[in-house]
Amino acid sequence: MLAGLLMIMGCQLLGEALVYLLAIPVPGAVVGMVLMLIGLMLNGAVPEGLRGASEGLLRYLPLMLVPSGVGLMVHFELIARDWLAISLALLASTVLTFALTALLMQKLQSTRGGE
Amino acid sequence: MWQHFAAMPLLWILVTVAVYLAAGWLNQRCGRTPLLHPVIVSLSLIILLLKLTEIDYATYIEGAAFIKFLMGPAIVALAIPLYDNLHRVREMLLPLLIGCVVGALVAALSAVGIGWLLGADVTTLLSLAPKSVTSPIAIEVADKIGGYGSLAAGLVLITGALGCLMAPLLFKLLRIDDPAIRGFTLGVSAHAMGTAFAFEYGALAGAFSGLAMGMVGTFTAFVLPLLVEMIALTG
């Protein structure tokens, strides 16, 4: 479990280093995730300790989001100013994304099936 | 004495964990409705508590930062379920890639476009852009591109709740019965909340949803900052 945590933080550190060296505006942890994925594909299996550490972290992922979410309290003025634009943008964009993705996937699947 | 404890990280870690556990219990009692998502309930209660006790966010986050720190390792850990699912759907990778790219772009561009037409502030727009991406990645992306991570976190949660609430009706209207497509659509448009919801359509739907969430999150994290940079250069 501890070895798994070390692998995870190692990938994150590598990701942060790559982001810094290449000066790309991508979150270091996301690059770390891609590095981890490549490592797993090369390895062909998930080491047991790594699986345990990952399950432990992901189980409490929602809790880790709470501190950032509380930061909303600093932006009440911005929200009060833009609430209508935000609400309509979220609603319309979610319906659009949902419907378009569903229809596109169905189309792609039926063309594949017809070959 | 209150001042003394308010300055200790221990208090805010304890408050965050306790409120989160209570919110999880409440959510379970209410049939796991996305409207009372534990994170939404927790952050509302903690904001209320801080306002009532006149503690500012800076004091709170000094303690809660210990919990927030784990978000980075948790993002890396997303690679493990992503790898598990990737293995299962290798033969469908091309259509999934197309769906992911189109879905991610439509989600970001339509939200920003509508917000812009309605006159929203630039910071609001930059916080809206990653709204379909799983929260930890959205928070990091929003901070990177000049939005507010915390605002993005709130918008992501609302998007997730909306996606789950409208899913049954939209699937019926659009006549989508395939569990793989249902799952993938939920993962693209409603991230982790959509994935939790997708498991109600079966394990296959859940797997596709988790895969979509990981793919869209990764793609958006790489492409959105570049898009913003390009727009900033031309505009």
Side-chain angles (χ1 to χ4, degrees), chain A residues 5 8-9 11-12 15 25-27 29-30 32-34 36-37 40-41 46 50-51 53-54 57-58 60-75 78-79 81-82 84-86 88-106 108-109 112, chain B residues 16 20 38-39 42-43 46-47 57 60-61 64 67-68 70-80 82-83 95 99 102-103 106-107 110-111 114-115 118 120-121 124 128 132 135 137 139-140 144 148-151 153-154 158-159 162-163 170 174 176 181 184-185 188-189 218 221-222 225:
Chain A
L5 207 57
I8 288 171
M9 292 204 287
C11 281
Q12 192 186 351
V26 179
V30 178
M33 182 191 81
V34 174
M36 175 66 89
L37 190 62
L40 289 173
M41 287 164 91
V46 181
L50 180 62
R51 185 171 292 281
S54 131
L57 279 168
L58 292 178
Y60 297 111
L61 182 56
L63 168 68
M64 300 165 197
L65 306 174
V66 173
S68 299
V70 174
L72 273 176
M73 68 188 278
V74 210
H75 306 307
L78 188 64
I79 298 168
R81 180 191 174 287
D82 284 343
L84 187 66
I86 291 175
L88 288 175
L90 286 184
L91 195 66
S93 163
T94 306
V95 176
L96 192 69
T97 309
F98 200 103
L100 221 79
T101 308
L103 292 173
L104 175 71
M105 291 317 283
Q106 202 168 43
L108 283 173
Q109 203 184 43
R112 244 169 55 97
Chain B
T16 308
Y20 176 75
V39 179
S42 299
L43 70 88
I46 295 173
I47 290 177
Y57 180 65
Y60 166 77
I61 198 67
I67 296 175
K68 192 185 168 183
L70 291 168
M71 215 170 72
I75 292 176
V76 179
L78 285 171
I80 285 93
L82 195 56
Y83 171 78
V102 173
V106 169
S110 64
I114 295 164
L118 295 170
D121 192 85
T124 306
L128 262 173
S132 288
S135 318
I137 297 182
I139 292 167
E140 302 262 326
K144 275 268 167 165
Y148 293 126
S150 50
L151 183 56
I158 299 170
T159 302
L162 283 174
L170 281 177
L174 300 169
I176 307 288
I181 296 180
F184 191 84
T185 305
V188 167
S189 43
T218 314
F222 279 92

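In the text below, chain A, chain B and the rest are named by the order of the sequence lines, each starting its count at 1.
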Rounded to the nearest 0.5 Å, what separates atom CG in A:L103 from atom CD1 in B:I181? 9.5 Å

OG1 (B:T124) and CZ (A:R81) are apart, to the nearest 0.5 Å, by 6.5 Å

Looking at B:G99, B:S189, B:A64, B:G163, which one has more heavy-atom pairs under 4.5 Å with chain A than the rest? B:S189

List the residues meeting ring-ring contact (aromatic ring centres under 6.0 Å, His included) with A:F98, not counting sequence neighbours, and say none if there are none. B:F171

For each of B:A153, B:A74, B:P38, tally heavy-atom pairs with chain A at distances under 4.5 Å, and name the one with the top tally. B:A74

Looking at A:L50, A:I86, A:L63, which one has more heavy-atom pairs under 4.5 Å with chain B than the rest? A:L63

How many angstroms lie between atom CG of A:L65 and atom OG of B:S135, to the nearest 0.5 angstrom? 4.5 Å

Between A:P62, A:A92, A:G15, A:G32, which shows the greatest number of heavy-atom pairs under 4.5 Å with chain B? A:P62

Could you check if a side-chain atom of B:F222 sits within less than 4.5 angstrom of a side-chain atom of A:V34, using non-hydrogen atoms only? yes

Measure distances from A:L104 to the heavy atoms of chain B and classify the residue's part below 4.5 Å as side chain, backbone, both or neither. side chain

Greatest number of non-hydrogen atom pairs under 4.5 angstrom with chain B, of A:L40, A:V30, A:L61, falls to A:L40

Working to the nearest 0.5 Å, report the span between CE of A:M64 and CD1 of B:I75. 10.5 Å

Quick check for you: among B:V102, B:L78, B:L128, B:I158, which has the greatest number of heavy-atom pairs under 4.5 Å with chain A? B:L78

Mind ranking B:I80, B:I61, B:V39, B:I114 by heavy-atom pairs under 4.5 Å with chain A and telling me who comes out on top? B:I80

Checking B:I139 against chain A: side chain, backbone, both or neither under 4.5 Å from a heavy atom? side chain

Who among B:A221, B:G103, B:G115, B:S42 has the most heavy-atom pairs with chain A under 4.5 Å? B:A221

Starting from the C-alpha separation in whole Å, work towards a yes-or-no answer on side chain to side chain contact (heavy atoms under 4.5 Å, CB included) for B:Y57 and A:V70. CA-CA 8 Å; B:Y57 180 65; A:V70 174; 4.0 Å; yes

In terms of heavy-atom contacts, A:A85 and B:A120 come closest through CB-CB, 3.9 Å

For a quick test of reading the model, state the closest non-hydrogen atom pair linking A:L57 to B:A77 and the distance between them. CD1-CB, 4.1 Å

So, taking the atom named CG in B:L43 and the one named CE in A:M73, what distance separates them when rounded to the nearest 0.5 Å? 11.0 Å

Minimal heavy-atom distance between B:G72 and A:Q12, with the atoms involved, is CA-NE2, 3.5 Å

Classify the side-chain pair B:S110/A:S93 by whether it contains a donor and acceptor separated by less than 3.5 Å. yes

What heavy-atom pair brings B:K144 and A:P25 nearest, and what distance separates the two atoms? CD-O, 3.3 Å

In short, A:A102 meets B:T185 closest at the heavy-atom pair CA-OG1, 3.4 Å

Chain B heavy atoms under 4.5 Å from A:V74: which part of the residue, side chain, backbone, both or neither? side chain

B:Y148: ring-ring contact (aromatic ring centres under 6.0 Å, His included) partners, not counting sequence neighbours: A:H75

With a 4.5 angstrom heavy-atom cut-off, which part of A:L100 approaches chain B: side chain, backbone, both or neither? side chain

What is the minimum heavy-atom distance between A:S68 and B:K68, and which atoms define it? OG-CE, 3.3 Å

Which value, rounded to the nearest 0.5 Å, describes the distance between A:D82 atom CG and B:D121 atom CG? 5.5 Å

If you count heavy-atom pairs under 4.5 Å between each of B:I137, B:V106, B:I46 and chain A, which one has the most? B:V106

In terms of heavy-atom pairs under 4.5 Å, which option from A:L58, A:L5, A:L84, A:I79 contacts chain B the most? A:L58

